[in-house]
Amino acid sequence: MFQSLEAKHPKFYQVFRFFVVIAASIFYAWNLRCFAKTAGLFPGGFSGLSLLLQEIGLAFFGISIPYTLLNILLNLFPTYIAYKYIGKRFTLYSIVVIVLSSIFVDILPPYMFTDDILLLSVFGGILNGFATSLCLNVGTTTGGTDFISIFFAHEKGIDAWNYILIGNVIMLVIAGALFGWSSALYSIIFQFCSTQVIQVLYKRYKKETLFIISDKSDEVYHAIREMTNHDATLFKGIGCYEGKEKTLIYSVINSEAKRELLPLIRSIDEHAFINVVKTEELDGRFHDIPHD
């Protein structure tokens, strides 16, 4: 979403990035405090686990444990992994999000917009996904399981989301057994809505395949190369309709790049035939957008 801004104005982008991180942290915390926590919901990841531990401490031991303490302690090891293997600037911005959001969850006053738990689950999940997407689109995260999934995906080539999903299921089973199954089931709605919003707004790890038939294949290839840093493969063939030799350009790009790349290709060759296909799985050398 902000990739072109970063490329054109790198210094301004860093200032912009910092303010987005602060705004997203406050917004994320406000949503947890006024939607998730007041409705007794448990979001996925370490934020949900921190809320669950808070409830356990208060209900069974009469101890009010600050959310800040729990969330920061849970994030210590994942933060170390991210700093060492993913990116230093990426991790430092994420630390700002973790610390600020944790503090604001503790200090913001609670407010119950409605007593309808379903509405709180749906809109809380949407707002949670929006705040998380803001962080992800400027190269930072809300911490916890995001660190873990990125580390395994990029360093080990392992998709960790299924394991994270199992962890969330276990957390919700415990929450349901201790505090009632209604809270656990509504929490699933919260998590589902959040995930759907993130999938729509965050496209960094989504990839798409381009099939382009053009009489200006060299110019189109150089445009792809310069704008996306991705390579391409040329295929020679015969166009069945005209019986003339045609060139097919095959390339896989990040979905974010498509918005600016397609108009550029069209400006080079207005008669180009362009087919864009979603790429479900990719194995091999591919230039990913760096985290820092």
Side-chain angles (χ1 to χ4, degrees), residues 25-82 94-95 97-125 127-129 131-132 135 141-149 160-195:
S25 302
I26 297 172
F27 190 71
Y28 182 77
W30 174 78
N31 178 60
L32 286 179
R33 187 69 186 90
C34 296
F35 282 82
K37 195 169 182 179
T38 55
L41 303 175
F42 304 100
F46 286 3
S47 59
L49 182 57
S50 298
L51 292 177
L52 177 59
L53 292 175
Q54 266 194 312
E55 290 298 318
I56 291 173
L58 193 61
F60 296 97
F61 302 100
I63 302 173
S64 180
I65 309 172
Y67 176 89
T68 304
L69 176 63
L70 292 170
N71 199 43
I72 290 177
L73 286 177
L74 289 172
N75 275 285
L76 285 179
F77 183 68
T79 300
Y80 167 76
I81 295 296
S94 298
I95 290 172
V97 176
I98 293 167
V99 173
L100 276 183
S101 63
S102 298
I103 292 172
F104 276 104
V105 168
D106 280 330
I107 66 175
L108 285 174
Y111 183 81
M112 195 79 169
F113 287 92
T114 175
D115 57 1
D116 190 323
I117 306 301
L118 180 59
L119 287 177
L120 291 172
S121 302
V122 172
F123 285 97
L127 295 174
N128 187 78
T132 303
C135 292
T141 76
T142 54
T145 52
D146 291 340
F147 285 151
I148 296 170
S149 62
W161 283 111
N162 288 334
Y163 299 103
I164 292 170
L165 176 61
I166 293 172
N168 286 334
V169 169
I170 293 172
M171 179 185 71
L172 291 178
V173 169
I174 294 172
L178 295 177
F179 302 107
W181 294 107
S182 292
S183 294
L185 295 175
Y186 279 123
S187 296
I188 293 174
I189 297 174
F190 182 101
Q191 293 181 24
F192 176 79
C193 292
S194 179
T195 301

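Both backbone and side-chain heavy atoms feed into the values below; hydrogens, waters and symmetry mates do not.
Panel note: side chain Ser101, backbone Ala29; no donor-acceptor pair is recorded below 3.5 Å.
Side-chain contact check for Tyr28 versus Cys135: every heavy-atom pair is 4.5 Å or farther apart. Taking the side chain as every heavy atom from C-beta outward, Thr38 and Tyr111 never approach each other to under 4.5 Å. Counting only heavy atoms from C-beta outward, the side chains of Leu178 and Phe60 approach each other to under 4.5 Å. Counting only heavy atoms from C-beta outward, the side chains of Ser47 and Tyr67 approach each other to under 4.5 Å. Using a 4.5 Å cut-off on side-chain heavy atoms (C-beta onward), Val169 and Val173 make contact. Residues Phe46 and Ile148 have side chains in contact (heavy-atom distance under 4.5 Å, counting atoms from C-beta outward).
Classification of the Phe35-Trp30 ring pair by plane angle, with boundaries at 30° and 60°, yields perpendicular.
When Asp106, Val105, Ile107 are each tested for a side-chain contact (heavy atoms from CB on, under 4.5 Å) with Ile103, only one passes: Ile107.
In this structure, CG in Asn128 is found 6.0 Å from CG in Leu32, a value given to the nearest 0.5 Å. We find the OG1-CG distance between Thr141 and Asn75 to be 8.0 Å, quoted to the nearest 0.5 Å. With rounding to the nearest 0.5 angstrom, the CG atom of Leu108 is 11.0 Å from the CG atom of Asn31. The distance from the OG1 atom of Thr79 to the CG atom of Leu74 is 10.5 Å, given to the nearest 0.5 Å. Of the inter-residue distances, the one linking Leu58 atom CG with Ile63 atom CD1 reads 9.5 Å to the nearest 0.5 angstrom. Here the straight-line distance linking atom CZ of Arg33 with atom CZ of Phe104 works out to 14.0 Å at 0.5 Å rounding.
Residue Ile98 comes nearest to Gly143 through the heavy atom pair CD1-CA, 3.8 Å, listed as atom of the first residue, atom of the second, then distance. Scanning both residues, Ser102 and Asn71, for their nearest heavy atoms gives OG-ND2, 2.9 Å. Closest of all the heavy-atom pairs between Ser121 and Ile189 is CB-CG2, 4.0 Å. Heavy-atom minimum distance, Met171 versus Leu52: CG-CD2, 3.6 Å. Counting all heavy atoms, side chain and backbone alike, Ser187 lies closest to Ser183 at OG-O, 2.6 Å. When all heavy atoms of Gly144 and Pro78 are compared, the closest pair comes out as O-CB, 4.0 Å.
In this structure, Phe113 places its CZ atom where more than 12 heavy-atom neighbours from other residues, nucleotides or ligands lie under 6.0 Å away. Annotation: Phe179, atom CZ; neighbour count of heavy atoms from other residues, nucleotides and ligands within 6.0 Å is above 12. Within 6.0 Å of atom CZ in Phe61, 12 or fewer heavy atoms from other residues, nucleotides or ligands are found, so the atom counts as exposed in its surroundings.
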Show your reasoning for whether side-chain contact (heavy atoms from CB on, under 4.5 Å) applies to Ile26 and Leu100.
CA-CA 7 Å; Ile26 297 172; Leu100 276 183; 5.7 Å; no
Where do Phe42 and Leu172 land on the side-chain contact (heavy atoms from CB on, under 4.5 Å) test, with the steps shown first?
CA-CA 7 Å; Phe42 304 100; Leu172 291 178; 4.3 Å; yes
Decide side-chain contact (heavy atoms from CB on, under 4.5 Å) for Ile166 and Ile170; before the verdict, give the C-alpha distance in whole Å, the side-chain angles of both, and the deciding distance to 0.1 Å.
CA-CA 6 Å; Ile166 293 172; Ile170 293 172; 4.1 Å; yes
Should Leu120 and Phe190 be marked as a side-chain contact (heavy atoms from CB on, under 4.5 Å) after you check the CA-CA gap, both sets of side-chain angles, and the distance that decides it?
CA-CA 8 Å; Leu120 291 172; Phe190 182 101; over 6 Å; no
